[in-house]
Amino acid sequence: KLTCNDKNPCTNDTCDKITGSCKNDPVGAGSVCDDDDKCTTGEKCDAASKCTPPAGQKGCNDGNACTADDCDLAGNCTNKPKPAGDVCDDDDGCTQVTFCAGGKCTVGASPKVSTVAGTGKNTWSDGAAANAAFHYPRAVAWVPGGDLFIADRDNRRIRRFVKQTGKIETYAGSGLSGYLDGKAAAAQFKTPQGIVVDAGGTVFVSDRDNGRIRKIDPAGNVTTFAGNGSTAFKNGKGKLASLWYPEGITLDGKGVMYVADSYNQRIRAISKDGVVTTLAGQSAFGTKDGPTSQAQFYRPHGVAAYANFVYVADAHNNRIRRIDLTTNTVTTLAGNKQGYLDGQGAGAKFYTPTDIVVDAAGALVVSDRSNNRLRRVSPGGIVTTLAGKGPPGYVDGTGGAAEFKNPWGMAIDSDANVYLADSTNHRIRKIDAPYKVCNDNSACTTDSCDKITGDCKYLKQTVGSQCDDGSA
């Protein structure tokens with residue numbers, strides 16, 4: 001429902017019942033108003049439609065929804081920070097849940113956590129999503145249209161949720177533990193741990209204990225994209241390269257793959273034609289930031305590419321790291337040591353962060369595995385809890401009431417909803433976005449959410465404007 005309140009006391013706010021558009025007409029200079037500041041009196045609207053106190057009065061409202069603003073008898077201001085977790089209003093009609101974190105009003109917990117698929121029994125069965133069974137699902141990949149691909153680790157299969165039918169089917173893997181390329185139904189995996197799908201529908205799987213990246217083309221042929229199975233470190237093309245327990249994988253917009261090569265303590269890059277190089281890290285584990293060749297990681301698990309950055313869930317360092325592809329440097333965005341604490345930058349704590357995804361605004365969602373929570377990291381490094389109560393369990397509901405058990409790999413859709421491999425619950429969960437996303441899936445419109453009304457706007461771009469059809 002349209003809301004036309006622009007929160008300016010110097011306008012008359014109405015909604016045109018015929019057109020449905022908002023009108024925010026100035027009330028006129030000199031009109032009495034209230035600027036919602038405890039320390040001012042006798043305010044009036046000025047010629048610019050701003051509520052202004054008389055000359056000489058000092059207002060104490062600092063414009064921060066996460067401070068309690070007051071003044072003493074002498075007119076001195078106090079702006080006391082509100083406790084972390086207090087509900088606040090960020091004056092944004094596009095956000096659904098906001099609370100104070102890091103001294104700022106920040107997007108809060110998810111309004112809803114639900115189950116997409118899985119009975120909770122650790123076995124294998126296809127069929128209707130509610131009746132299907134998984135065995136330690138480790139990763140998910142979302143594709144436009146709503147289908148999900150799932151790395152079902154201990155079933156040693158790749159599964160697919162078909163949105164149109166609401167069913168789970170087996171996409172590849174015989175279920176036998178081993179290493180065998182070939183047709184999808186006969187192929188063998190050992191521990192499918194990460195998964196990503198390119199724009200053409202090719203599925204890539206990090207087969208952890210086989211030390212390889214596997215490739216499933218749309219025709220159902222399984223091949224080895226990179227890795228030779230040795231527990232070693234070596235760059236090279238395809239099977240000439242060595243990966244040691246590859247975990248999370250992701251693709252950037254150019255089709256370059258990034259791999260969390262966990263036991264090599266490195267982040268690897270793989271070109272579209274299968275050439276493996278080292279993006280960052282060295283054999284010695286540690287927390288060192290700096291040039292990519294000197295930086296250190298400790299069992300990195302998850303990777304995500306966004307703009308000119310690669311983000312890393314540095315699991316055993318309990319940190320979120322950022323690799324700048326322009327300057328070739330590694331920095332720590334958030335986290336310091338093991339624990340659970342919301343906050344900013346090094347003031348926040350994680351406990352085995354395992355996977356990472358990025359939304360369209362550049363905010364990160366992290367599966368904080370041993371805390372049994374999903375955390376959100378703003379572009380400025382403010383860490384909040386998106387979902388999860390903490391104790392291991394299985395409960396759907398609002399973000400703060402939901403329970404997970406070893407939340408692992410994630411995927412994010414075009415509306416910023418997160419899909420999660422809730423591994424030890426043997427289920428696939430959905431975590432609704434805590435804010436409204438306006439996306440008409442057209443590359444030829446500029447999509448935005450009106451912060452006053454909360455409505456979506458889709459502005460058509462001019463004919464001849466450059467666009468991206470999403471194909472690598």
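Hydrogens, waters and symmetry mates play no part in the numbers below; they use all other heavy atoms, side chains included.
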Taking atom types as modelled and ignoring hydrogens, do the side chains of N406 and T424 form a donor-acceptor contact shorter than 3.5 angstrom? yes

Contacts of K239 that satisfy side-chain contact (heavy atoms from CB on, under 4.5 Å) - sequence neighbours left out: Y179, T224

Write down the atom of P246, the atom of I213, and the distance for their closest heavy-atom approach. CB-CD1, 4.2 Å

Which atom names give the shortest non-hydrogen contact between A260 and P300, and what distance separates them? CB-O, 3.5 Å

Quiz question: by atom type and distance under 3.5 Å, do the side chains of T292 and N328 form a donor-acceptor pair? no

Of all heavy-atom pairs linking T250 and A305, the shortest is CG2-N, 3.9 Å

Closest heavy-atom pair and its distance - P379, L333: O-CD1, 4.3 Å

State whether a side-chain donor-acceptor pair under 3.5 Å links T385 with Y340. yes

Looking only at side chains, do R208 and T191 share a donor and an acceptor under 3.5 Å apart? no

Where at least one partner belongs to residues 196-206, residue pairs that pass side chain to side chain donor-acceptor pair (under 3.5 Å), sequence neighbours excluded: none

Answer yes or no: is there an ion pair linking R268 with D261, defined by an N-O contact shorter than 4.0 Å? yes

Y351: which residues meet the ring pair (Phe, Tyr, Trp, His ring centres under 6.0 Å) condition with it, sequence neighbours left out? none

As an exercise, state the distance from CZ of R429 to CE of M410, rounded to the nearest 0.5 Å. 14.0 Å

Kindly write out the residues that satisfy ring pair (Phe, Tyr, Trp, His ring centres under 6.0 Å) with Y136, not counting sequence neighbours, or none if the list is empty. H426

Check: N371 side chain, R373 main-chain N or O, donor-acceptor pair, under 3.5 Å: no

Shortest non-hydrogen pair, D355 vs V303, comes out as OD1-N, 4.2 Å

Give me each pair satisfying ring-ring contact (aromatic ring centres under 6.0 Å, His included) with a member in residues 186-214, each pair once, sequence neighbours excluded. F204-F225

Taking NZ, NE, NH1 and NH2 as the nitrogens, is one of them in R138 or D154 under 4.0 Å from a carboxylate oxygen of the other? no

Ignoring hydrogens and geometry beyond distance, is a side-chain donor-acceptor pair present between T115 and D396 at under 3.5 Å? yes

Exam field: side chain T354 to backbone T352, donor-acceptor pair closer than 3.5 Å: yes

Can you measure from CG (D368) to CD1 (I320) and round to the nearest 0.5 angstrom? 8.0 Å

Between G381 and A334, what is the shortest heavy-atom contact and its length? O-CB, 4.4 Å

Just grab all the ring-ring contact (aromatic ring centres under 6.0 Å, His included) pairs involving residues 357-391, residues at least two apart or on different chains. none

Mind jotting down which residue pairs meet the salt bridge (charged side-chain N to carboxylate O under 4.0 Å, His left out) criterion with at least one end in residues 320-341? Sequence neighbours excluded, please. D289-R321, D314-R321

So that I can tick it off, tell me whether D422 and R427 are bridged by a salt bridge, with the cut-off set at under 4.0 angstrom between side-chain N and carboxylate O. no

Report yes or no: does D152 contribute a side-chain atom to a donor-acceptor pair with the main-chain N or O of I158 at less than 3.5 Å? no

SB check D126 R159 (cutoff 4.0 Å): yes

Please list, chain by chain and in numerical order, all residues satisfying side-chain contact (heavy atoms from CB on, under 4.5 Å) with A411, sequence neighbours excluded. V140, W142

Check for a donor-acceptor pair, side chain of S367 on one end and backbone N or O of R369 on the other, with a separation under 3.5 Å. no

Any chance the side chains of N228 and S242 put a donor and an acceptor closer than 3.5 Å? yes

Just checking, is any N or O donor in the side chain of N336 or R319 under 3.5 Å from an acceptor N or O on the other one? yes

Sorted by first residue and then second, give each ring-ring contact (aromatic ring centres under 6.0 Å, His included) pair with at least one member in residues 268-304; sequence neighbours left out. F285-Y298, Y298-H316

Is a donor from one side chain sitting under 3.5 angstrom from an acceptor on the other, for K183 and N221? yes

Taking ring-ring contact (aromatic ring centres under 6.0 Å, His included) as the cut-off, I'd like each qualifying pair that reaches into residues 159-178, sequence neighbours left out, listed once. F149-Y171

Taken in chain and number order and not counting sequence neighbours, the residues that satisfy ring pair (Phe, Tyr, Trp, His ring centres under 6.0 Å) with W124 are none

Ring pair (Phe, Tyr, Trp, His ring centres under 6.0 Å) against Y311, all qualifying residues, sequence neighbours excluded: none

